[in-house]
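What follows is a set of notes on a single structure, which appears directly below.
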Amino acid sequence: MKRGYRQLVDEAEAEIVTLSVEEAMALKGNEDVVFVDLRDIRELERQGRMPGAVHAPRGMLEFWVDPDSPYHRDVFAEPKRFVFFCAAGWRSALATKAVQDMGLENVAHIEGGFGAWTAAGGAIEVADGKA
């Protein structure tokens with residue numbers, strides 16, 4: 001293996017904006033900020049969701065962001081700040097770098113991801129008693 005996941009994450013973090021969980025919490029409720037949850041649907045069912053966050057599975061993100069893709073989602077064409085997160089911050093670092101490279105501006109990710117969010121007392125919602 002020439003470059004492992006840790007090196008890829010470190011390289012991404014050197015080129016993107018990383019928000020502390022406290023900084024992210026301060027943005028919650030700002031209408032100019034869209035929180036984007038990259039976790040798998042099973043993770044959302046097990047762990048709960050951040051209220052108001054857009055769910056964009058990591059495997060579809062580039063397709064949803066690209067306006068030329070048949071899978072494009074309009075939310076990514078809005079003039080907003082996008083804050084990505086996953087469970088621990090690794091996938092979101094790589095995702096933030098990918099969409100930044102694609103030309104999406106004003107992007108960041110949450111250090112420590114959803115785990116840090118919940119540990120800091122961030123609001124979550126659960127479905128049908130799960131999570």
Side-chain angles (χ1 to χ4, degrees):
M1 179 143 323
K2 292 183 180 182
R3 293 170 41 217
Y5 83 92
R6 188 70 252 171
Q7 185 176 354
L8 292 173
V9 169
D10 290 345
E11 290 170 0
E13 287 182 333
E15 296 186 35
I16 63 173
V17 173
T18 299
L19 300 174
S20 69
V21 71
E22 295 81 14
E23 291 169 318
M25 287 179 160
L27 295 173
K28 193 69 176 125
N30 182 329
E31 65 183 39
D32 293 323
V33 177
V34 176
F35 285 84
V36 182
D37 192 337
L38 300 166
R39 295 174 300 145
D40 179 270
I41 190 70
R42 292 173 298 259
E43 292 174 285
L44 281 89
E45 291 170 356
R46 259 192 329 268
Q47 301 162 349
R49 301 170 182 248
M50 178 191 293
V54 170
H55 180 233
R58 177 62 190 101
M60 291 300 294
L61 184 64
E62 290 84 348
F63 300 102
W64 286 16
V65 167
D66 185 348
D68 293 329
S69 165
Y71 301 104
H72 175 69
R73 301 295 168 118
D74 290 338
V75 66
F76 293 106
E78 295 177 12
K80 308 254 182 184
R81 182 174 195 188
F82 296 93
V83 177
F84 297 91
F85 66 94
C86 61
W90 299 343
R91 287 174 286 178
S92 59
L94 297 175
T96 302
K97 172 76 166 72
V99 298
Q100 182 174 288
D101 288 350
M102 291 175 73
L104 193 63
E105 298 177 355
N106 207 2
V107 296
H109 89 116
I110 302 174
E111 180 179 24
F114 190 73
W117 179 266
T118 58
I124 64 167
E125 56 188 19
V126 296
D128 301 326
K130 295 180 182 177

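We use all heavy atoms of the structure for the numbers below, so side chains are in, but hydrogens, waters and symmetry mates are not. Worth saying up front: this structure is predicted, and the values here are computed from it rather than measured.
- Hydrophobic clustering (ILVMFWY, side-chain heavy atoms < 4.5 Å, transitive): Val107 and Val36 are in one cluster.
- Taken together through direct or relayed side-chain contacts under 4.5 Å among Ile, Leu, Val, Met, Phe, Trp and Tyr, Val9 and Val17 form parts of separate hydrophobic clusters.
- Closest approach of Pro51 to Ala123, counting heavy atoms only: CD-O, 3.2 Å.
- Nearest heavy-atom pair across Ala120 and Val21 is CB-CG1, 3.9 Å.
- Taking Trp64 as the reference, nothing meets the ring pair (Phe, Tyr, Trp, His ring centres under 6.0 Å) condition, with sequence neighbours excluded.
- From Lys97, atom NZ reaches atom CD1 of Ile16 across 9.0 Å, with rounding to the nearest 0.5 Å.
- One hydrophobic cluster, built from ILVMFWY side chains closer than 4.5 Å, holds both Val99 and Val54.
- The side chain to side chain donor-acceptor pair (under 3.5 Å) test applied to Thr118 returns no partner, not counting sequence neighbours.
- Inter-residue side-chain proximity for Leu19 and Leu27 is flagged as met; some heavy-atom pair is nearer than 4.5 Å.
- Listed by first and then second residue, the salt bridge (charged side-chain N to carboxylate O under 4.0 Å, His left out) pairs involving residues 35-44 are Asp37-Arg39, Asp40-Arg42, Glu43-Arg91 (not counting sequence neighbours).
- Legend: residues meeting salt bridge (charged side-chain N to carboxylate O under 4.0 Å, His left out) with Glu111, ordered by chain and number and at least two apart, are absent.
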What side-chain donor-acceptor pairs closer than 3.5 Å can you find for residues 76-85, not counting sequence neighbours?
from: Lys80; atom 1: NZ; to: Glu31; atom 2: O; distance (Å): 2.6

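- Taken together through direct or relayed side-chain contacts under 4.5 Å among Ile, Leu, Val, Met, Phe, Trp and Tyr, Trp90 and Leu38 form parts of separate hydrophobic clusters.
- In terms of the side chain to side chain donor-acceptor pair (under 3.5 Å) criterion, residue partners of Ser20 (sequence neighbours excluded) are, by chain and number, Glu22, Glu23.
- Residues passing the side chain to side chain donor-acceptor pair (under 3.5 Å) test with Glu13, sequence neighbours excluded: none.
- Scored by the ring pair (Phe, Tyr, Trp, His ring centres under 6.0 Å) test, Tyr71 finds no partners at all (sequence neighbours excluded).
- To the nearest 0.5 Å, the span separating CD1 on Ile124 from CD on Gln47 amounts to 9.0 Å.
- Following chains of ILVMFWY side-chain contacts shorter than 4.5 Å, one cannot reach Met60 starting from Leu44, and the two form parts of different hydrophobic clusters.
- In this structure Asn30 satisfies the side chain to side chain donor-acceptor pair (under 3.5 Å) test with no other residue, sequence neighbours excluded.
- Scanning for salt bridge (charged side-chain N to carboxylate O under 4.0 Å, His left out) contacts around Glu11 gives Arg3, with sequence neighbours left out.
- For residues 60-75, the salt bridge (charged side-chain N to carboxylate O under 4.0 Å, His left out) pairs, not counting sequence neighbours, are Arg58-Glu62.
- The CG atom of Leu94 sits 11.5 Å away from the CG atom of Leu61 when rounded to the nearest 0.5 Å.
- Side chains of His109 and Ser92: a donor on one and an acceptor on the other come within 3.5 Å.
- Under the ring-ring contact (aromatic ring centres under 6.0 Å, His included) criterion, no residue pair touches residues 10-48, with sequence neighbours excluded.
- Across all their heavy atoms, Met25 and Trp117 have their closest contact at CG-CZ3, 3.4 Å.
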